[in-house]
Amino acid sequence: MSVREDAMLPSARRTTPNIAAVARDAGVSVGTVSNALNNPERLAPETLGRVRDAIARLGYIRSSAGRTLIRNTSDTLGLIVPDLVNELFVDISRGAQLTAADTGKRLVLANSGFNAHALASGIAQHDGQDEFLEHFAEARVGGIMVCSMRAPGAGIERIRNHVGPIVVVNYDAPGADWCTVLMDNEQVGRASVDHIADLGIRHAFFVSIPDLVQPVVERRRGVHAAAAARGVLVHDVESEGLTAGTGREAMRALLPRVEELVRRGERVAILGLTDRTGIGALQVLRERDDLRVPQDVAVVGMDGDHRPGGIDWVSMTSILLPGYEMGAEGIRLLAAEAEPGHVHERVVLPVRIRPGQSTVG
């Protein structure tokens with residue numbers, strides 16, 4: 001069996017350029033290179049240019065660990081989200097990343113793997129939230145944003161003395177020793193019911209997973225509070241998940257009750273905890289000639305993540321969630337938390353409804 005000749009050659013050793021090598025190449029002192037990296041305004045343009053040329057030529061990359069040790073702070077921020085399948089957390093991440101960049105910070109994202117659909121479906125999952133909290137604490141990042149679907153207190157308490165400011169997003173813990181950014185989940189439920197009540201609808205079915213996570217509890221509370229105030233009869237319907245598939249299953253099970261109400265001259269609303277749940281309901285209704293959307297059955301989704309997906313015959317009425325703004329506000333609060341004398345803030349951002357053809361035609 002032959003062996004390629006180049007496979008027998010020893011691998012080339014590469015040396016990692018350090019700050020002293022950059023100084024020698026540029027013909028300046030190590031202190032001058034340090035100024036070029038950290039305080040470029042202190043150097044003459046010609047000197048700064050020589051140092052930057054040397055850095056590019058040698059491929060030098062400074063050590064953030066060393067800078068953190070010297071300055072006792074870091075320009076890196078940690079962001080932990082539970083589930084990037086959820087459009088809300090994608091929007092939060094985007095708002096946080098772009099806002100951090102505007103302030104000269106860099107954001108490192110960790111997905112802890114907590115999925116509400118999997119939880120409702122009984123699918124085993126490992127939530128790495130506390131592990132990522134500890135990892136970011138070990139790295140001595142300049143601050144951590146935690147987008148949580150469960151109480152984060154135990155994990156935060158463990159790292160509290162080892163990391164800078166901490167902001168919790170999407171979980172409300174009364175009396176918490178940190179800043180909090182929330183959206184008004186009760187308003188999500190209220191706005192959905194107010195919308196159908198304004199259309200004269202008095203019978204609705206709220207299709208949702210059980211109250212396994214805080215946002216579900218709050219949206220349900222808002223639905224029933226608005227229903228009591230507006231004279232709408234809301235029936236809770238338990239779904240096994242948050243996908244279009246579980247929405248289809250729930251809608252098929254509801255068809256006899258919906259058909260009976262429509263025969264009696266009633267207009268009915270389906271309120272889906274998520275847009276995907278509502279999409280599943282619409283897919284079933286599309287197959288029916290005797291149930292018209294929205295004249296007989298109106299459909300509302302509650303998380304504004306509708307994307308074209310085979311139901312473009314009708315646009316989805318939904319609640320638009322302030323994900324981007326939540327991420328941006330979280331970065332602002334991380335900076336505020338680091339200031340002496342800062343008092344913790346609890347910020348609740350409003351939501352708004354986006355009417356579509358699924359309710360208003």
Side-chain angles (χ1 to χ4, degrees), residues 82-83 85-92 115-117 119-120 149 170-172 182-199 201 204-227 230 232 234-248 250-251 254 268-283 285 293-294 297-307 309 311 314-326 348-360:
D83 174 22
V85 174
N86 190 324
E87 194 72 26
L88 171 66
F89 299 119
V90 175
D91 290 341
I92 289 174
N115 183 288
H117 168 75
L119 183 66
M149 294 287 279
N170 199 57
Y171 191 91
D172 193 14
L182 306 164
M183 69 171 127
D184 193 339
N185 269 303
E186 287 194 27
Q187 187 192 4
V188 172
R190 292 195 306 271
S192 301
V193 173
D194 283 339
H195 176 68
I196 63 170
D198 289 344
L199 297 174
I201 298 174
F205 296 92
F206 178 40
V207 181
S208 168
I209 62 173
D211 291 349
L212 300 173
V213 290
Q214 193 178 75
V216 179
V217 175
E218 294 171 345
R219 291 184 191 184
R220 191 185 309 278
R221 188 184 301 138
V223 164
H224 285 284
R230 299 296 302 271
V232 177
V234 173
H235 307 272
D236 288 300
V237 178
E238 187 171 306
S239 168
E240 294 184 356
L242 300 172
T243 65
T246 55
R248 288 192 296 271
M251 187 67 239
L254 282 173
V268 181
I270 306 296
L271 309 177
L273 181 70
T274 66
D275 280 18
R276 291 174 186 172
T277 305
I279 286 169
L282 283 171
Q283 289 171 341
L285 292 168
V293 175
V297 185
V299 180
V300 179
M302 291 190 183
D303 60 8
D305 74 346
H306 167 56
R307 303 291 184 272
I311 62 149
V314 62
S315 60
M316 169 78 73
T317 293
S318 186
I319 307 298
L320 299 181
L321 309 182
Y324 186 98
E325 293 80 3
M326 292 169 75
V348 183
L349 298 176
V351 302
R352 60 189 177 90
I353 194 162
R354 177 189 63 199
Q357 294 169 312
S358 65
T359 60
V360 296

Please enumerate all residues that pass side chain to side chain donor-acceptor pair (under 3.5 Å) together with His195, with sequence neighbours excluded. Thr359
Please identify each residue that fulfils side-chain contact (heavy atoms from CB on, under 4.5 Å) with Tyr324, with sequence neighbours left out. Arg94, Leu98
The ring-ring contact (aromatic ring centres under 6.0 Å, His included) partners of Phe89 (sequence neighbours excluded) come to none
Excluding sequence neighbours, so at least two apart, what forms side chain to side chain donor-acceptor pair (under 3.5 Å) with Asp194? Arg230
Mind checking what makes salt bridge (charged side-chain N to carboxylate O under 4.0 Å, His left out) contact with Arg221, not counting sequence neighbours? Glu186
Would you check if there is a donor-acceptor pair between the side chains of Ser318 and Asp275 at a distance under 3.5 Å? yes
Applying salt bridge (charged side-chain N to carboxylate O under 4.0 Å, His left out), name anything that partners Arg248, two or more places apart in sequence or on another chain. none
Applying side-chain contact (heavy atoms from CB on, under 4.5 Å), can you list everything that pairs with Ala204, at least two apart in sequence or on another chain? Ile196, Val232, Val234, Ala269, Leu271
My understanding is that only residues two or more places apart in sequence, or in another chain, count here; which of them pass side chain to side chain donor-acceptor pair (under 3.5 Å) with Ser192? none
Just to verify, what does Glu325 make a side-chain contact (heavy atoms from CB on, under 4.5 Å) with, not counting sequence neighbours? Pro322, Leu349
Go through the structure and list residues passing salt bridge (charged side-chain N to carboxylate O under 4.0 Å, His left out) with Asp83, not counting sequence neighbours. none
Could you work out, with side chain to side chain donor-acceptor pair (under 3.5 Å) as the rule, every residue matching Arg276, not counting sequence neighbours? none
Of the non-hydrogen atoms in Ser315 and Gln357, which two are nearest, and what is the gap between them? OG-N, 2.8 Å
